[in-house]
There are 2 protein chains.
Amino acid sequence: MPDDNFQLNQFLPYLLNQAAEASSLEFQQIYKDRYGMLRTEWRVLFHLGLYGRMTASEIGARANMHKTKISRAVQKLTERRFVTRARDDADRRVEHLALTAQGQAAYDDLHQVAQRYDWDLTADLNEAERAALKKMLVKLSGKRPAGFT
Amino acid sequence: MPDDNFQLNQFLPYLLNQAAEASSLEFQQIYKDRYGMLRTEWRVLFHLGLYGRMTASEIGARANMHKTKISRAVQKLTERRFVTRARDDADRRVEHLALTAQGQAAYDDLHQVAQRYDWDLTADLNEAERAALKKMLVKLSGKRPAGFT
DNA sequence: GCTTGTTAGTTACAAAAACAACTATTACAA
DNA sequence: TTGTAATAGTTGTTTTTGTAACTAACAAGC
């Protein structure tokens, strides 16, 4: 049953927000300072870097990002020559997005930073704990509590 | 050492954000629908409900919220008669904030919902896991990874 | 062929957040 | 005192986000 002396830092959505904000801060600073990117732009960059050529919709589906966010992020990224767009021959509504050499370089750099950063964040956890934490978070990411629609 | 095949859903800040967003969605809908509140307003309400009379700065310190956010949240909450402000006699810069009866009622209601909601979110964890998760999140909330300043 | 509906992506406008500059009050030191 | 710095909170302006309406291209039924 629910805990009777409820506190704000026992409320998962609140806790997750706090942890997310705190843990993003320094990383955010890095991609902002080095490449002038916003969170949306960083995310698009990483999706292209990790999964290769994709369309905006595919990124949206994977990242749970609204298409307008992606549209604007892609616009900025193409303006700054990190990303190229190519119309699909068969279906001309579709655009295939891919990293330029410059985009790839930025991705490689930030990828390294992220990896190291992630490691440092969880430095005091052992392998099992780290894995357990991430697994729970993945589960929570896809979940809606029952009975609250 | 850092994991070599890095994926986006192994990057903690990203994961935390996804989990936070997903897990907040339905709850957000509730306080928005029932009381027309924003996240900032909900947070102020909960701080007052949980810890009693406080000043804006105290809330800011606890919640890691910028003072302008709080100022505007308090303004809305007083307009809607959820909160009252009272100048401090000794130091007239300071305002003491407190819930009205109506504010208390809203808090009581949402508090119940939150408790239940939180429980449902973690329904498939046992007590130990639930506690471990929250403990890790609290730790992450206060933490900045070393070497990234 | 022509409707009607759907999908990919963009654009325009409104809501919210971030950031900087401001007022009012207190503290404190010369 | 009085001048300088600090603190509590507000206001104004710029960015970013959210939402809805839009264009263009395709699909399917008739």
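Atoms considered below: every heavy atom in the structure, side chains included; atoms not considered: hydrogens, waters and symmetry mates. Naming: A, B, ... by sequence-line order, numbering from 1 per chain.
Separating the CG atom of B/D91 from the C1' atom of C/dC28 is a distance of 15 Å, rounded to the nearest angstrom. The distance between atom CD of B/E21 and atom C1' of D/dT17, rounded to the nearest whole Å, is 11 Å. Counting to the nearest Å, the P atom of D/dT7 and the CG atom of B/D88 are 17 Å from each other. Taking atom NZ of A/K67 as the reference point, atom C1' of D/dT17 lies 16 Å away to the nearest angstrom. With rounding to whole Å, A/M65 atom CE is found 16 Å from C/dA8 atom C1'. Look at CG on B/L77: it is 16 Å from C1' on D/dT10, rounded to the nearest Å. Rounded to whole Å, atom C1' of C/dA17 lies 17 Å from atom CH2 of B/W42. Separating the CD atom of B/Q28 from the P atom of D/dT17 is a distance of 15 Å, rounded to the nearest angstrom.
Taking the ring axis of A/Y51 as reference, the NZ or CZ atom of A/R62 stays within 45° of it and closer than 6.0 Å to the ring centre.
The aromatic rings of A/F46 and A/W42 are tilted relative to each other, their planes meeting at an angle between 30° and 60°.
Where A/K76 and B/R87 each meet DNA chain D at their nearest nucleotide, the meeting point lying more 5' is that of B/R87. Nucleotides of DNA chain C nearest to A/R93 and A/R85 differ in position, and the one nearer the 5' end is that of A/R93.
Of the listed nucleotides (C/dA20, C/dT26, C/dT11), C/dT11 has the atom at the smallest distance from the side chain of A/T68. Checking D/dG9, C/dA12, C/dG9 against the side-chain heavy atoms of B/T55 singles out D/dG9 as nearest. With distances taken from any side-chain atom of B/V94 to the nucleotides D/dT19, D/dA8, C/dT10, the minimum falls on D/dA8. Comparing D/dT16, D/dG9, C/dT26 by their closest approach to the side chain of A/L38 singles out D/dT16.
For the residue pair B/L97 and B/L48, the shortest heavy atom distance occurs at O-CD2, 3.6 Å.
Proximity of B/S57 to the phosphate of D/dT7: no side-chain N or O atom is located under 4.0 Å from OP1 or OP2. A close approach under 4.0 Å does occur between a side-chain nitrogen or oxygen of A/S71 and OP1 or OP2 of C/dT10. Proximity of B/K69 to the phosphate of C/dA18: a side-chain N or O atom is located under 4.0 Å from OP1 or OP2.
Nucleic acid contact class of B/H66 (heavy atoms, under 4.0 Å, all strands): none. If you check every strand for non-hydrogen atoms under 4.0 Å, B/A73 touches nothing. Across all strands, A/I70 comes closer than 4.0 Å to no nucleic acid atom at all (heavy-atom distances).
Surrounding CD of A/E129 are more than 12 heavy atoms belonging to other residues, nucleotides or ligands, all under 6.0 Å away. Residue B/R81 qualifies as open at atom CZ: its count of foreign heavy atoms under 6.0 Å is 12 or below. More than 12 heavy atoms of other residues, nucleotides or ligands lie within 6.0 Å of CZ in B/R87, so this atom counts as buried by the packing criterion.
Scanning atom types as modelled, one donor and one acceptor separated by under 3.5 angstrom connect the side chain of A/R72 and the base of D/dG18.
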